[in-house]
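Step one of this worksheet: look at the structure below.
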Amino acid sequence: MTNNDIEKKWQKKWADAKLFQSNPDEREKLFITVAYPYPSGAMHIGHGRTYTVPDVFARFKRMQQYNVLFPMGWHVTGAPVIGIADRIQRKDPWTMDLYERVHKVPKEELPKLEDPEYIVKYFSNEYHDVMSDMGYSIDWRREFRTIDPTYKKFITWQAKKLKSLGLIKQGEHPVKYCPNCENPVGDHDLLEGEGVGVNELTLVKFKVEDGLFIVPATFRPETIFAATNVWLNPEVHYIKVAVKSGACEGENWIISNEAYLNLSNQYDIEIIEDVDPKPLIGNYVENPLNGEPLPIFPASFVDPEYGSGTVFSVPAHAPADYIALRDLKENSELIKEYDIADEVAKAEPINVVTVKGYGEFPAKEVVERMEIENQNDPKVQDATDELYKAEHSKGYISDHIENYAGKRVAYIRDEIKGDMIEAKQADIMYDFAERPVVCRCGNKCVVKIMDDQWFVRYSDEEWTEKTRKLLAQENIIPEEIRPNFEYYIGWLEDWAYSRRVGLGTRVPWDDQWLIEPLSDSTLYMSYYAIAKYLKDMNPEDLNEAFFEKVFLNVDSDDIKVAPEIVEDIQNEFNYWYPLDWRLSAKDLVGNHLSFLMFTHAAIYPEEKWPKGTVVFGMGLLEGNKMSSSKGNVILLSDAIKEYSADVVRLFLMASAEPWQDFDWREKEVRGTQKRLEWFREFAQRVEDIKGSKLDLSNIEDIELTRTIDKWMINQLNAHIKAATEALEVFQTRQALQHALFLLKKDLDHYMYRVKELVDNKDPAVVYVLSTVLNNWIRLLAPFTPHTSEELWSKYGGEGFISSAEWPKYNEDLISEETERSESLVQNTVKDINEIKNMVGDNIEKVHIYISPEWKWDLYKIANDVGKPDIGQIMGRAIGQKIYDNKKEIANVAKKISREMTKTRYIGKIDEATILNDAKEFIENEVSSEVIIHTDDSYDPQNKARNAMPYKPAIFME
RNA sequence: GCAUGGGUGCCCGAGCGGCCAAAGGGGGAGGACUUAAGAUCCUCUGGUAUAGGCCUUCGAGGGUUCGAAUCCCUUCCCAUGCACCA
C-alpha cells in the first residue's frame with residue numbers, strides 16, 4: 001500500500017464513522033471557521049496552508065474532547081469569473097494556457113468554462129476533493145455555495161436587517177467605468193492599467209470673464225498662491241462647456257475636448273462650442289485666491305487627456321512649469337507670435353512652500369541639477385516626483401502666505417481645498433493616477449461618479465465605537481496586528497454595497513443592483529450553524545421572520561417553517577454561536593475581517609460576538625511570491641501525489657507560524673518527508689527492541705532508577721507541555737519544534753546513551769520507548785492524522801486516534817534538576833574532549849573532581865544576593881562559617897560571581913551519582929579510563945580546587 | 001507619504017535583559033556503519049588558544065544597566081496594506 005492509499009483508507013473510515021459530523025451535545029463546544037475560498041482556479045499549496053491550520057487546531061481541540069465544528073463553504077459571488085468566462089469564450093490564449101497548464105483543467109472541460117457558474121462549480125468541486133484528500137476534518141453536511149437559493153435568502157435577510165438599522169444609504173462614488181460597456185470595471189476586467197488608482201484633484205476656477213473659467217486640476221491646491229500664469233497648449237482642441245446642475249451650475253468652463261469624456265461622467269456638462277486657444281493666449285485670468293491677474297501662455301507639455309487639459313503654472317515648485325517658462329523666455333518667435341513680451345518678461349517664480357534642503361525655488365534647483373533640457377525631456381517626471389514627495393512630506397507653507405503660514409503642507413492641503421470649495425473657487429474632479437486604463441473591450445476607461453450607489457455606513461461613529469468594543473474583547477493572533485485592526489476600523493469610510501455585474505444576491509429593495517461580494521460574507525458563519533437544515537428546505541419558506549426568530553429570537557406570525565423545526569435550528573445556532581475562532585489572510589484585515597466585526601456588532605447582542613481572529617501570512621515558492629497568474633504555484637493535488645497529504649501538512653505547519661510567510665522549498669519538503677518516514681520506522685523499531693507484539697494501550701508500568709531514563713521521560717513531558725501551550729495559541733511551528741524535532745533530537749540522544757542496553761530488551765528502555773511512542777503518535781495526530789491513525793491501529797491503540805485523548809503532561813515529571821543532570825554529563829564529556837584536543841592524545845586516565853559541599857553553599861549565597869557583589873557574598877559566607885579558609889572562599893566567590901551570570905543556580909544536584917551512572921558512557925565517549933573523585937586524596941597537579949558546582953574539575957594523565 | 005511588521009551566523013529562521021557564540025532546519029566538512037553508493041547515527045561549521053580560556057559578532061550610531069541581540073533615542077534599509085474587490 002502506498003502512503004496515498006493509506007491516507008485514502010483512513011479518509012474513508014472517518015467518513016463512514018461520521019467522525020467529523022458535529023451535532024450539539026453535552027460537551028463544551030468549539031466553533032472554528034476559515035474564510036471560505038473563491039474558487040476561480042485550482043487549489044495550490046498556499047491555500048493548503050490556509051486550510052490546514054484550522055484543521056490542525058480542530059483536531060487538537062477534538063482530542064482535548066471538545067465538540068468541534070469545522071465547516072466549509074464556497075464564495076462564488078463576484079465578478080472575476082465573469083471575466084474569466086468571457087476570456088475563455090473568446091479563446092484568449094493567455095487565459096486558455098493558464099487554465100490548461102497552471103490550473104490543469106482537462107481539455108474536454110476547458111470549453112465548459114465559458115459559463116461562469118460552471119467555473120465556480122467545477123473549482124468548488126475540485127477544492128472539495130482536494131480538501132478531502134488533505135484529510136481535513138470538515139463537517140461536509142454544512143457545505144454550501146453563496147449562490148444557493150437558501151443562502152441568498154439569508155443574505156436578503158441580512159441586507160434588510162442592516163438597512164432597517166439605518167446602516168445602508170444611497171450616495172455617490174467615483175469608479176473606474178467603461179463608457180462603451182456602460183459598466184463599472186474592476187481591475188480584472190482591464191487590458192491595461194491594472195492597479196491604477198483614482199486620484200482626487202482640485203479643479204481650480206481661474207476667471208476669464210464673468211461666468212467663464214479656465215479650470216486646471218491640481219494635486220497641490222496650496223501652490224495656487226504661487227501661480228504665475230496659466231498654460232494652454234495651442235495644438236490642443238479646446239471646448240467651452242456649460243455646467244447644467246450642481247454647485248457650479250450656470251458656469252461655463254474651458255476644457256480640452258479629450259477631458260470632456262472623463263469630466264462629463266462627473267459633472268452635468270454640455271458642450272457649447274469649440275474654442276481656439278490661440279486668441280486666448282496673452283489674455284489675463286484671475287487667481288481666485290488673491291485676485292491677481294495671470295497671463296495665459298502657450299506650452300507644449302500640457303496633456304489634453306489629463307485633468308481638464310489646462311494647467312496653472314507654479315514655476316517655483318513644479319519642474320515642468322519652470323522649464324516651460326524657461327523655454328518660453330528663450331523662444332522669441334513664440335513671444336512674438338502671441339505678442340506677450342512684457343508678460344513673459346515679468347513672469348518670475350514665486351515661492352509658497354519652504355522645504356528643508358531646498359532654497360527659494362526648488363523646481364529651479366532640481367531642473368538644473370538634473371540638467372533637464374526642455375519641457376519634453378522625460379526626466380521632467382523624475383524631477384516632479386522628487387519634489388512633490390519632498391514638499392508633501394517635509395514642506396511648510398512659507399511665512400508670507402496669509403492665514404496658512406508655517407503650517408505643514410501635508411496637513412494644510414485639505415484645508416485649503418475645503419476652503420476654496422466652500423467659496424466656490426474650486427471643485428473636485430477625479431482622474432486616474434496613471435494612463436492608459438483600457439477596458440477589456442478595448443475602450444478607454446473614465447472615472448465616473450455613480451450617484452445611485454448603495455453604501456454600508458462603516459464611517460458611522462456610533463457603529464464604529466461599538467465595533468471597537470467588539471475588537472477590544474476579541475483575542476487577536478498575532479497580537480501585533482491588533483493596532484492594524486484599530487486603525488482600519490477607524491479609517492473605514494462608507495463601503496460601496498452594490499455592483500452591476502457578477503454573480504450574487506440582488507439588493508432586495510433595488511434590484512438593478514447586486515450585493516457587492518465582500519458584503520455577502522460578513523455574517524455567514526451563522527449560516528454554517530444551520531446550513532444542514534436549510535439544505536432541503538423550500539427557499540420560499542425562508543423569509544425574514546424565519547431568520548429573525550432563529551438568530552435573534554424575534555417571534556412572528558409570518559414564520560412558514562414548522563415551529564419544532566425552527567426550534568431545532570435555533571438551538572443549534574445558539575449552541576455553536578458565538579464563533580470561537582475566525583481565520584483569514586493578512587490582506588483581508590482592512591476589509592473582510594473588519595466588516596465581519598462591524599456586522600456582528602450591528603446585528604448580534606454582545607454574547608454572540610466573535611471571540612478570536614487569527615491572521616495568516618503569505619506563501620512563497622522557493623523564495624518567490626506565489627501567484628497563479630504568473631504560473632508560480634504548485635497545485636495542492638500534485639503535492640499530495642508527490643509527497644502524501646501528511647508530509648504536505650507537516651511541512652506547511654512546521655516551516656512557519658501561520659501569520660508568517662512560509663516558503664515552500666523542495667529540499668526542505670524532502671527533509672520533512674524523511675523525518676516522517678523515520679518516525680514510522682521508529683515505531684517499528686520500538687517493537688523490535690521489545691521483541692514481542694507492542695500494545696500501546698497496555699504498557700507495563702515500571703519504576704525508573706537510571707538518570708538517563710528519567711531524563712527521557714522528563715524531556716517527553718516537557719515537550720508535550722510546550723507543544724500543548726503552543727497549539728493553544730495556533731503556534732503550529734513552535735508546537736512541531738517540540739512535538740517532532742526537539743523530541744526526536746532528545747530521543748536520538750537517549751538511544752545513543754542506552755545503545756549498550758537496547759539489545760538486552762532492558763525493561764526500563766522498553767518502557768521509556770513505548771511511553772514515548774504512545775504519546776508521540778498522539779502528539780502528531782493533528783498534524784499527520786493518517787500516519788498517526790495507521791500507527792495507532794497497528795500498535796494497539798484504542799479507537800480512532802482522531803478522537804483519542806490528547807497527551808497529558810505530568811508537571812512533577814518535569815524538573816530542571818533532571819535536565820541539568822544530563823547536561824552535566826554532556827558538558828563534562830565535551831570539556832574533557834576539548835582539553836584532550838589541546839593537550840594531545842597520550843591520555844590514559846581522566847580524573848573528575850566533584851565540587852565540595854561548601855562551594856554549593858557559597859553558590860546558594862551568591863544566588864540569594866542576586867548580584868555579583870563579592871563583598872556581600874563574602875560577608876554572608878563568613879557569617880555562616882561555610883568554610884574556614886577565607887582566602888579560598890574569596891577566590892571561589894570571585895569565580896562564582898562570574899559563573900552565575902552564565903549558569904543559573906537551581907539547587908544542589910547529586911553529581912557523584914549522576915556521573916557514576918554515566919561513567920561507562922563517558923569512558924566510551926572520551927576513550928579513556930575515568931575516575932570520579934569526591935575528595936582530593938589523589939590530586940598530583942592540584943586541579944581539584946577548580947571544581948565548581950555544575951562544573952567538575954578535570955585532571956588527565 | 002501614512003499605517004503596521006521586520007533587519008540575527010554561508011542560507012532560512014528562533015530568541016526579545018543574565019543558563020547567548022546565540023534553538024531548529026538547510027548547506028558544507030570530518031567520522032562510524034557499509035564491498036561501495038544511498039540511507040542512518042555521531043562530531044564540527046566566527047576567530048584564536050598545548051587545561052576547559054580569551055577576543056569579535058545579532059543593519060548603523062548613541063544611551064540606560066553590574067550586565068543588551070534583547071530596553072530607550074537617532075538613522076538607514078526591506079516587506080505588506082492604503083479600498084469598491086477576491
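- Each salt bridge (Lys or Arg N to Asp or Glu O under 4.0 Å) pair with one or both residues in residues 730-751 of chain A, not counting sequence neighbours, appears once here: A:Lys744-A:Asp748.
- Between A:Asp746 atom CG and B:A23 atom C1' the separation is 12 Å, expressed in whole Å.
- The side chain of A:Glu668 has B:G25 as its nearest neighbour among B:G25, B:C84, B:G52.
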Working for side-chain hydrogen bond (donor to acceptor under 3.5 Å, both in side chains), residues A:Asp520 and A:Thr77: CA-CA 8 Å; A:Asp520 75 2; A:Thr77 36; 2.7 Å; yes
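- For B:C85, the OP1/OP2 oxygens have a side-chain nitrogen or oxygen of A:Arg499 closer than 4.0 Å.
- For A:Ala496, the side chain to side chain contact (heavy atoms under 4.5 Å, CB included) criterion is met by A:Gln453, A:Phe455, not counting sequence neighbours.
- Residue A:Gly671 is out of contact with every strand shown, counting any heavy-atom pair closer than 4.0 Å.
- Atom NE2 of A:His719 and atom P of B:G24 are 11 Å apart (whole Å).
- One C1' atom belongs to B:G81, the other to B:C58, and the distance between them is 29 Å to the nearest Å.
- When the nucleotides B:A83, B:G24, B:C85 are ranked by their closest atom to the side chain of A:Leu742, B:G24 comes out on top.
- Residue A:Pro952 is in base contact, counting any heavy-atom pair closer than 4.0 Å across all strands shown.
- Across all strands shown, A:Ile832 has no heavy atoms under 4.0 Å from either base or sugar-phosphate atoms.
- A:Tyr859 and A:Tyr950 have perpendicular rings, their planes meeting at more than 60° on a 0 to 90° scale where under 30° would count as parallel.
- Atom-to-atom, CD1 of A:Ile848 to P of B:G52 comes out at 17 Å; the value is rounded to the nearest Å.
- Within the 3.5 Å criterion, the main-chain N or O of A:Glu486 finds no donor-acceptor partner in the side chain of A:Arg468.
- Nucleotides B:G6 and B:C73 place their P atoms 15 Å apart, quoted to the nearest Å.
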Between the protein and nucleotides 36-45 of chain B, are there any N/O to N/O pairs under 3.5 Å, and if so, what are the atom names and distances?
{"residue": "B:C41", "atom": "OP1", "partner": "A:Lys744", "partner atom": "NZ", "Å": "2.9"}

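- Contact annotation for A:Phe955: base contact, defined as any heavy-atom pair under 4.0 Å involving a base atom.
- With contacts defined as side-chain heavy-atom distances shorter than 4.5 Å, the pair A:Tyr51/A:Met43 qualifies.
- For A:Phe651, the ring-ring contact (aromatic ring centres under 6.0 Å, His included) partners are A:Trp664, not counting sequence neighbours.
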Give every pair of a protein N or O atom and an N or O atom of nucleotides 78-81 of chain B that lie under 3.5 Å apart, one pair per line with the distance.
{"residue": "B:G81", "atom": "O2'", "partner": "A:Tyr488", "partner atom": "OH", "Å": "2.6"}

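- Taking the nucleotide of RNA chain B with the nearest heavy atom to each of A:Arg675 and A:Asp663, the more 5' of the two is matched to A:Asp663.
- When the side chain to side chain contact (heavy atoms under 4.5 Å, CB included) test is applied to A:Arg680, the partners found at least two apart in sequence or on another chain are A:Asn3, A:Leu676, A:Glu677, A:Thr787.
- With B:C12, B:C85, B:G26 as the choices, the nucleotide that has an atom nearest any side-chain atom of A:Arg665 turns out to be B:C12.
- Partners of A:Lys448 according to the salt bridge (Lys or Arg N to Asp or Glu O under 4.0 Å) rule, which considers only residues two or more places apart in sequence or in another chain, do not exist here.
- Along RNA chain B, the nucleotide nearest to A:Asn946 and the one nearest to A:Trp491 differ in position, and the one closer to the 5' end is contacted by A:Asn946.
- By the side chain to side chain contact (heavy atoms under 4.5 Å, CB included) test, A:Pro116 pairs with A:Val81, A:Ile82, A:Ala85, sequence neighbours left out.
- Here the C1' atom of nucleotide B:C10 and the NZ atom of A:Lys667 are 13 Å apart, to the nearest Å.
- Heavy atoms of A:Met751 sit nowhere under 4.0 angstrom from any nucleic acid atom.
- Using a 4.0 Å cut-off between charged side-chain N and carboxylate O, A:Arg500 and A:Asp452 make a salt bridge.
- Heavy atoms only, all atoms of each residue included: A:Phe662 and A:Gly46 are closest at CZ-CA, 3.9 Å.
- For the pair A:Ser498 (side chain) and A:Trp454 (backbone), a donor-acceptor distance under 3.5 Å is present.
- Listed by chain and number, the residues in a ring-ring contact (aromatic ring centres under 6.0 Å, His included) with A:Phe595 are A:Tyr458, A:Trp495 (sequence neighbours excluded).
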Contacts under 3.5 Å, N or O only, protein and nucleotides 5-8 of chain B:
none

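- A:Tyr127 pairs with exactly one of A:His75, A:His103, A:His47 by the ring pair (Phe, Tyr, Trp, His ring centres under 6.0 Å) rule, that one being A:His47.
- Considering only side-chain atoms of A:Arg733, the nucleotide from B:C82, B:A23, B:G52 that sits closest is B:A23.
- Distance, A:Lys943 NZ to B:G53 P: 13 Å, rounded to whole Å.
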Can you name the atoms? Protein N/O to nucleotides 28-33 of chain B N/O, anything below 3.5 Å, with the distance.
none

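- If you check B:G13, B:G24, B:C82 against the side chain of A:Gln660, the one that comes closest is B:G13.
- With a cut-off of 3.5 Å on both pairing distances, B:A49 has no Watson-Crick or G-U wobble partner at all.
- As rounded to whole Å, 14 Å separates atom C1' of B:A83 from atom OH of A:Tyr430.
- Among the protein residues, A:Glu516 comes within range of the sugar-phosphate backbone only, with heavy atoms under 4.0 Å from sugar or phosphate atoms but none that close to a base.
- Within the 4.0 angstrom heavy-atom criterion, base atoms lie near A:Asp494.
- Among the protein residues, A:Ala953 comes within range of the nucleic acid bases, having at least one heavy atom under 4.0 Å from a base atom.
- Heavy atoms of A:His75 sit under 4.0 angstrom from primed sugar atoms or phosphate atoms, though from no base atom.
- A:Trp659 pairs by the ring-ring contact (aromatic ring centres under 6.0 Å, His included) definition with nothing, not counting sequence neighbours.
- If you check every strand for non-hydrogen atoms under 4.0 Å, A:Asn591 touches a base.
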